[in-house]
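One structure below.
Letters A, B, ... are given to chains in the order of the sequence lines, protein chains preceding strands, and every chain is numbered from 1.
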Amino acid sequence: SQTIHQWPATLVQPVGSPLSLECTVEGTSNPNLYWYRQAAGRGLQLLFYSVGIGQISSEVPQNLSASRPQDRQFILSSKKLLLSDSGFYLCAWSGRASNEKLFFGSGTQLSVL
Amino acid sequence: DAKTTQPTSMDCAEGRAANLPCNHSTISGNEYVYWYRQIHSQGPQYIIHGLKNNETNEMASLIITEDRKSSTLILPHATLRDTAVYYCIVRVGGGTGTASKLTFGTGTRLQVTL
């Protein structure tokens, strides 16, 4: 069966520090991968998605970047965190056919202080 | 993608059916209706989706009106563990190799009580 791993579960970082969140998927090949962010009391916002290695699409302009160095690995990064980067970050994957369901990881609660 | 409108919150007694409505009056012919739920501090969980016909699975039933402008998610026997935020999303089906980009709004907060 397929599983998605996301870490760390919680993270507290000072303003201006770098960020690296990692997500890996097991039990499937060539998945579509996604990064979402949820601010407190708000809906989920799609940040990035990837349909293959090295292929990254950004949905909103921001202080973050994403990379996909391997088929089942998706990384969210920042060189210098801002206060507004605080939030709940979720990684997700889906299959390749149309209307595939999204499967989410357990999330990372990031607090930038 | 079509916009959806859901009530902000709803209450339901444990053991009773929970009926969560969603309006999507601008839905187009090739857009599917998806339902997900998010339990506090967890990632969203897929529940069900449909295009025109009513759908049922082990978790819930989805009733889509004939004009497809609204739908209702039914949890037949709600339990305390069903307390969550429920998201209704409409999305056009992409082709093979495209991404399932779903836009989540603020959803309906369902509180199941004893």
Side-chain angles (χ1 to χ4, degrees), chain A residues 2-7 9-10 21 23 25 29-53 55-60 66 68 74 87-111, chain B residues 1-9 22 27-53 55 57-60 62 64 84-109:
Chain A
Q2 303 90 356
T3 56
I4 180 168
H5 301 281
Q6 187 182 343
W7 66 94
T10 59
L21 301 180
C23 171
V25 181
S29 59
N30 204 19
N32 290 332
L33 298 171
Y34 311 80
W35 279 110
Y36 280 83
R37 176 173 61 197
Q38 186 172 35
R42 307 284 293 277
L44 280 75
Q45 179 183 39
L46 178 61
L47 302 176
F48 301 95
Y49 68 92
S50 171
V51 299
I53 295 174
Q55 300 178 61
I56 308 295
S57 297
S58 174
E59 287 293 292
V60 294
R68 184 171 177 174
F74 206 22
F88 189 47
Y89 288 83
L90 289 154
C91 180
W93 74 272
S94 73
R96 305 285 286 167
S98 61
N99 301 316
E100 286 282 355
K101 298 176 277 190
L102 284 178
F103 297 93
F104 284 84
S106 53
T108 296
Q109 184 63 53
L110 172 66
S111 298
Chain B
D1 296 333
K3 181 180 177 180
T4 62
T5 304
Q6 298 177 253
T8 303
S9 63
C22 180
I27 193 170
S28 58
N30 61 348
E31 288 184 309
Y32 287 72
V33 181
Y34 292 84
W35 283 84
Y36 283 74
R37 73 179 183 184
Q38 186 177 23
I39 296 171
H40 183 63
S41 298
Q42 296 182 23
Q45 176 191 24
Y46 167 85
I47 301 173
I48 200 166
H49 78 280
L51 182 63
K52 296 181 181 179
N53 300 321
E55 303 288 344
N57 63 21
E58 66 279 3
M59 291 183 68
L62 174 61
I64 302 174
V85 177
Y86 287 77
Y87 298 98
C88 170
I89 306 159
V90 294
R91 174 75 173 100
V92 63
T96 299
T98 62
S100 299
K101 298 188 295 178
L102 299 183
T103 301
F104 291 77
T106 53
T108 296
R109 183 170 299 278

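For B:Gln38, the part lying near chain A is the side chain, with the backbone staying farther off; criterion is any non-hydrogen pair under 4.5 Å. For A:Tyr36, the part sitting under 4.5 Å from any heavy atom of chain B is the side chain, from C-beta outward, and nothing else. Contacts of A:Leu44 with chain B are made by both backbone and side-chain atoms, with heavy-atom separations under 4.5 Å.
Applying the side-chain hydrogen bond (donor to acceptor under 3.5 Å, both in side chains) rule to B:Glu55 yields no partners; only residues at least two apart in sequence or on another chain are considered.
Per-residue heavy-atom pair counts under 4.5 Å with chain A were compared for B:Gly43, B:Pro44, B:Ser41, and the maximum is reached by B:Pro44. Interface remark: of the candidates A:Glu59, A:Arg42, A:Gln45, A:Gln109, A:Glu59 forms the most heavy-atom pairs closer than 4.5 Å to chain B.
In this structure, the separation between OG1 on B:Thr106 and CD on A:Gln38 is 10.5 Å, given to the nearest 0.5 Å.
When side chains are defined from C-beta on, B:Tyr34 does not count as touching A:Leu102, because their heavy atoms never get closer than 4.5 Å.
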